[in-house]
Amino acid sequence: AWNIGDRQCRGSVDENSRLMGFVSPVLSSSRSCRRHVLVSGVDKRRSWAEREANLSEQLEKRLLSGEQLSPTSIQRRIVAASRNGDVESAEKWAGYMKQGGYTLGTPTYTSLLHAYRQACDPERCLLLLEEMRLDGDLPNEKSSYEAVRAAISAEDGTAVSEIVAYCFRHNIPISRSSLNASLNLLMRLGKVEQAEDIIRFMRSAPNPDAVPDIVSWNVMMCGYSRNGMPEKTLATFGGIIYRRQSEKPTISTFNAVLQALLNIRQHKSNKSAGAQFVVRTMGKLKIHCDVQTATTLIRLVGEIGRSEVVKVERWFSGHQTFKPDLFYFNAVIEAYARCEDLQSCSRTMEEMDILGINPDARSFNLMLKVQGSEDDANALLAEMRSRKIDPDVYSYCALLKREPKNSAEGIARIVQMAMDSGVAVDSRLQSAAIRAAKHDVKGAELVFRFLAAKLGVDNLKDASFMAFLYVCGVSGRSDLAVRIVYAMKKAKRVPKPACYREFAKGTRESKVAEHKLQPYLFVLKTLCNVTDDFDLPINRVRIKF
């Protein structure tokens, strides 16, 4: 179909033909040939599969009739079946090859592993590796690659660990890229201990190609930060800097370190010193900052203070080696919003307009938290609508959190505004509305009744009841908390120990005296199904009933 022949499909239109309005047969033939080539290109894979199926059927008939086929022909059938992901055909031809007295060989086994990989069957891959080893065909690096990729495609962390351990146990060559991919999958699935076992195998491997490199350590560091282990991320970074001199850190290394500093629970001074050390080390190694590093660094210094944010932003403006994006500017707005610096937030929005970056709903939601008055907040909402950005549930939650002491009428007005704009009043908005009146238990009760009247008691989420229990804890109203739990049971809700935990959280903030809560605490604990001794965080005193 692709070979048109010696004929050249070049059409020419003479002057008379152009004037008379018709095209010469040569040009018509040229267009038909081009159309034929395009159709053949679209159907090429389908015709190839049909041709391979017909060829396999003919060879199978010859084989069943008693004719002896060459091992090369059978091996080609196995390779064709493995490319199509046809496991049954590949195994069938492998059986024919064994019946003919031929040995499969490493290439044939590798083709079978490729078929299992496309079928996402790591268990068969492991059994086939064992069969290869027992037959005397030592699996090569390609074989281990196919087996590991099969487990990764199936997202089976246990199978990945078993295949890697099997390869190390029997000295089967395995590439560093396969090991790094295995580490990435295990860390993504949260199986940190199995990933640490693989990194120990890699460090003790006799093959230098399997020794961990900087990519391996970057995967481990990012995995530690993702799984809530920032201390291990920093410890690994210290090992790279002070002990493993041959491994030069990359920008991904410093991104993982900054993320760990962002997640770790330490004093602001320790975080500031860590951020300064990271910046100095990047400058010493001549590693340029990218937009992800800048975004994480801005978020980190936003927790420290406004002076640090201004210092880092000025440093970026003088040594800018990246192109800022929307996420970077949102991080800057969030950092200034933490410091309640509305002027800097507005200046950042102006910079976004100059660079042609359109803000999203998150940009405006961050600014809503620091608006000084209700008129300014309404003006910002009007600007959102003028930019064709609809306020979402987070916008109205930000309005509710804007002032620490909101009246019940103001809260009800914001909730009604959200309902009129078509925003679903879900558990987040219900909880934010009740918690906004935490300093006024009567106002919180009015908001709770307003939500029940507007949405119906059946549509109230459990988060609403738990938020009201938190307000009861802040005000020290254990009697009202018992009434709320009874209301939950009447509405066919099951009170959980988390409800009692929310009440205890509120009492910790208000520091209510213990004797004022004692008459109703036992009833509240019984209704919330708290069976063990609960640590009520009131002045760090453990109460046993």
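One is the number of the first residue; the rest follow in order along the sequence. A quick note: this is a predicted structure, and the numbers were derived from the prediction, not measured. Basis for what follows: all heavy atoms, side chains included, without hydrogens, waters or symmetry-related copies.
- Between Ser431 and Met466, the closest side-chain pair of non-hydrogen atoms is not below 4.5 Å.
- Heavy atoms of other residues, nucleotides or ligands lying less than 6.0 angstrom from NZ of Lys369 number 12 at most.
- Side-chain N/O atoms of Ser177 and Asn180 include no donor and acceptor closer than 3.5 Å.
- Put simply, OH on Tyr396 and CG on Leu368 are 10.0 Å apart, with the number rounded to the nearest 0.5 Å.
- Note on residues 261-279: pairs passing salt bridge (Lys or Arg N to Asp or Glu O under 4.0 Å), not counting sequence neighbours, are Lys271-Glu303.
- Under the 6.0 Å distance and 45° angle rule, Arg362 does not count as a cation-pi partner of Tyr394.
- Residues Asn227 and Met187 are in side-chain contact: their nearest non-hydrogen atoms beyond the backbone lie under 4.5 Å apart.
- Ion pair Arg387/Asp353 flagged as a salt bridge, since at least one NZ, NE, NH1 or NH2 atom sits closer than 4.0 Å to an Asp/Glu carboxylate oxygen.
- Residue Met282 holds its CE atom at 10.0 Å from OG1 of Thr253, rounded to the nearest 0.5 Å.
- With Arg306 contributing its side chain and Ala335 its backbone, the two residues share no donor-acceptor pair below 3.5 Å.
- Atom CD of Glu340 has 12 or fewer neighbouring heavy atoms from other residues, nucleotides or ligands inside a 6.0 Å radius.
- To the nearest 0.5 Å, atom CG of residue Asn184 and atom CD1 of residue Ile152 are 8.0 Å apart.
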I'd like to know whether Leu381 forms a side chain to side chain contact (heavy atoms under 4.5 Å, CB included) with Phe364, so could you lay out the CA-CA distance, the side-chain angles of the two residues, the decisive distance to 0.1 Å, and finally the verdict. CA-CA 8 Å; Leu381 287 175; Phe364 288 98; over 6 Å; no
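- A distance of 12.5 Å separates CG in Asp290 from OH in Tyr328, rounded to the nearest 0.5 Å.
- With Thr507 contributing its side chain and Gly473 its backbone, the two residues share no donor-acceptor pair below 3.5 Å.
- The residue from Asn330, Asp392, Asp360 that alone fulfils the side-chain hydrogen bond (donor to acceptor under 3.5 Å, both in side chains) condition with Asn365 is Asp392.
- At least one side-chain heavy atom of Gln416 sits under 4.5 Å from a side-chain heavy atom of Phe450.
- Counting only heavy atoms from C-beta outward, the side chains of Leu469 and Val485 approach each other to under 4.5 Å.
- The distance from atom CD of Glu155 to atom CZ of Arg188, rounded to the nearest 0.5 Å, is 5.0 Å.
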One pair to check against salt bridge (Lys or Arg N to Asp or Glu O under 4.0 Å): Arg413 and Glu409. What are the steps and the verdict? CA-CA 6 Å; Arg413 185 171 61 254; Glu409 293 80 4; over 6 Å; no
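- With hydrogens and angles ignored, the 3.5 Å screen pairs a side-chain donor or acceptor of Ser386 with a backbone N or O of Glu383.
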Worked verdict on Glu445 versus Arg477 for salt bridge (Lys or Arg N to Asp or Glu O under 4.0 Å): CA-CA 12 Å; Glu445 186 175 0; Arg477 293 288 303 275; over 6 Å; no
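- No hydrogens or angles considered: a donor-acceptor pair under 3.5 Å links the side chains of Asn218 and Thr250.
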Steps toward side chain to side chain contact (heavy atoms under 4.5 Å, CB included) verdict (Val471, Phe468): CA-CA 5 Å; Val471 175; Phe468 199 19; 4.3 Å; yes
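- Comment: Glu308 engages Lys311 in a salt bridge, judged by a side-chain N to carboxylate O separation of less than 4.0 angstrom.
- Taking a 6.0 Å sphere around CZ of Phe327, one finds it holds 12 or fewer heavy atoms contributed by other residues, nucleotides or ligands.
- By the side-chain hydrogen bond (donor to acceptor under 3.5 Å, both in side chains) test, Arg385 is found to be paired with no residue, residues two or more places apart in sequence or in another chain being considered.
- Nearest heavy-atom pair, Ile411 versus Ala436, reported as atom, atom and distance to 0.1 Å: CD1-CB, 3.7 Å.
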Run the numbers on Met352 and Ile333 for side chain to side chain contact (heavy atoms under 4.5 Å, CB included), then give the verdict. CA-CA 11 Å; Met352 295 174 66; Ile333 294 174; 4.2 Å; yes
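- Of the N and O atoms on the side chains of Tyr224 and Glu196, at least one donor lies less than 3.5 Å from an acceptor on the other residue.
- Residues Ile240 and Met221 are in side-chain contact: their nearest non-hydrogen atoms beyond the backbone lie under 4.5 Å apart.
- Judged as a ring pair (Phe, Tyr, Trp, His ring centres under 6.0 Å), and not counting sequence neighbours, the contacts of Phe237 are Phe254.
- Rounded to the nearest 0.5 Å, atoms CG (Leu297) and CD (Gln292) are 12.0 Å apart.
- Between Thr158 and Lys191, the side chains place a donor N or O and an acceptor N or O closer than 3.5 Å (distance only, hydrogens not considered).
- Nearest approach of Pro249 to Ile214, heavy atoms of both residues: CA-CD1, 4.0 Å.
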Do Cys345 and Leu366 pass the side chain to side chain contact (heavy atoms under 4.5 Å, CB included) test, and can you show the C-alpha distance, the side-chain angles, and the key distance before you say yes or no? CA-CA 9 Å; Cys345 292; Leu366 292 170; over 6 Å; no
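- For Asn255 and Ser252, the side-chain atoms include no donor-acceptor pair closer than 3.5 Å.
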